[in-house]
Amino acid sequence: VFPIIDNDKPIELIKTRLELMSAIKAAKEGDVLYVDDIDFVSSTDGLYNVYERIDISKNIKIIGKENNSIFNHGSFNLIASKAINQKIDVKFENIVFKEYEKTNTSITANEWEDEAKLQYAGFFSGNVNVTYSNCEFKGYMNEEGGVLYAKYNDYSSNPINLEKYGDQTSCKLNINLDNCLFCNNSAYHSGGAIHLDAYRKNVSLNINHSTFKNNISSVYSNYGFGGGALYAEGIEANIKNSSFINNLANHIYEGNSISQDRSKGGAIALINSAFQLNNVLIDSNRASLGGGLYLLNTTGQIRSNWNFAS
């Protein structure tokens, strides 16, 4: 029923959200699923919650067509069971994740209420290694982290967050981005494209040959921080051969608010983290503090061909 490699037959492509859900459920460890363009909110798939993310809890690869397959409103949970110390390895390749394609310079509260449904392209929990290769992410809008989101911090003193995200302190998350584009994504608070909150460097982010362009984080009054493209706390980041262009951390005053301007890191904001930047272009990004790069209690290295134009 679902796409398999056969030297004598063409590969069948998965074409609907329900087919993809069924294929993931039926897949064996290490299987490869080949996908066509899929509209995740298509009415032809019957009645379901279109804002419910698809769960992946096994080692699989999801690969699009050679000229890329479009996932319209595509949204996934990558979840490894902590109870059995499960570790999963997931790869997405040749996929365009597409949402609203918002292109203006800020998000209003009404727009967030109307459009942002926590429909992350990737939400992570447990021991996860995920790779996005030759993928694009366009027009996602969320409260924190427009596209990719993870909370791996220590919430032992915060019962609400502990119940919401679980105890992730013993887990490890690796996110690998290779030849990817993040464009026109927005966050209502922090991390226009990516928001990662970690504990003692148990999250690593590896970016290679990728571009972050026209992403926005909008900080309202006293809530939020910034990071027009990337906001991260407590992670290890290795970024090379990549570009951050025209991203914005934007502070918006609501009503008669006299709150302090908190927009930091027009492209990147790193807190309590470690980083390496090698052959990275940061150009024409904007924030009130740290137009291109904002670092707090963070150590790192900036290596060859560093180009900081903003």
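Sequential numbering from 1 along the given sequence is applied to the chain's residues.
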Starting from [Y], can I reach [X] by hopping between I/L/V/M/F/W/Y residues whose side chains sit under 4.5 Å apart?
X    : Y    : answer
L295 : F212 : yes
V203 : F275 : yes
L181 : Y140 : no
I302 : L205 : yes
V96  : I194 : no

Within the structure provided, determine whether [X] and [Y] are in side-chain contact (heavy-atom separation under 4.5 Å).
X    : Y    : result
F123 : R53  : yes
I60  : I24  : yes
F244 : I268 : yes
V130 : F124 : yes
I14  : L33  : yes
K151 : H195 : yes
I62  : F71  : yes
Y120 : L148 : no

Enter the distance from [X]:[atom1] to [Y]:[atom2] here, rounded to the nearest 0.5 Å.
X    : Y    : atom1 : atom2 : answer
S125 : Y152 : OG    : OH    : 5.5 Å
N176 : I207 : CG    : CD1   : 10.0 Å
N129 : I175 : CG    : CD1   : 9.5 Å
N142 : S186 : CG    : OG    : 9.5 Å
E143 : S217 : CD    : OG    : 13.0 Å
E233 : N272 : CD    : CG    : 5.5 Å

List the steps, then state whether side-chain contact (heavy atoms from CB on, under 4.5 Å) holds for H73 with E99.
CA-CA 5 Å; H73 303 279; E99 271 282 338; 3.1 Å; yes
Give the intermediate values and the outcome of side-chain hydrogen bond (donor to acceptor under 3.5 Å, both in side chains) for residues S288 and S263.
CA-CA 6 Å; S288 296; S263 62; 3.0 Å; yes
Tell me if a side-chain donor or acceptor on [X] pairs with a main-chain N or O of [Y] at a distance below 3.5 Å.
X    : Y    : value
T211 : S243 : no
N185 : G192 : no
N285 : D283 : yes
N77  : I79  : no
K58  : G30  : no
S273 : I271 : yes
N202 : C171 : yes

Please assess I38 against L20 for the test side-chain contact (heavy atoms from CB on, under 4.5 Å), listing each intermediate value before the final yes or no.
CA-CA 9 Å; I38 297 178; L20 180 58; 4.2 Å; yes
Taking it one step at a time, do N134 and N68 satisfy side-chain contact (heavy atoms from CB on, under 4.5 Å)?
CA-CA 8 Å; N134 193 34; N68 286 17; 3.3 Å; yes
Taking everything shown except K172 itself, do over 12 heavy atoms lie less than 6.0 Å from its NZ?
yes
Would you find more than 12 non-hydrogen atoms of other residues, nucleotides or ligands less than 6.0 Å from E29 atom CD?
yes
Minimum heavy-atom separation for G146 to A187, with atom names?
N-CB, 4.1 Å
Closest non-hydrogen atom pair between I88 and Q86, with its separation
CG2-NE2, 3.5 Å
Going by distance alone, is a donor N or O of one side chain under 3.5 Å from an acceptor N or O of the other, for [X] and [Y]?
X    : Y    : answer
S210 : S242 : no
D89  : N59  : no
E144 : Y149 : yes

Between F40 and F76, how do the two ring planes meet: parallel, tilted or perpendicular, split at 30° and 60°?
perpendicular
Students often mix this up, so state it plainly: with edges at 30° and 60°, are the rings of F137 and Y132 parallel, tilted or perpendicular?
perpendicular
Is there a side-chain contact (heavy atoms from CB on, under 4.5 Å) between K240 and N279? Walk through the geometry before answering.
CA-CA 5 Å; K240 59 184 180 180; N279 193 25; 5.7 Å; no
Does K98 pair with E136 as a salt bridge, N-O distance under 4.0 Å?
no
Derivation and outcome, side-chain hydrogen bond (donor to acceptor under 3.5 Å, both in side chains), residues N174 and N206:
CA-CA 8 Å; N174 297 306; N206 304 294; 5.3 Å; no
Partners passing side-chain contact (heavy atoms from CB on, under 4.5 Å) against S69 (at least two apart in sequence or in another chain):
V35, D37, K65, I95
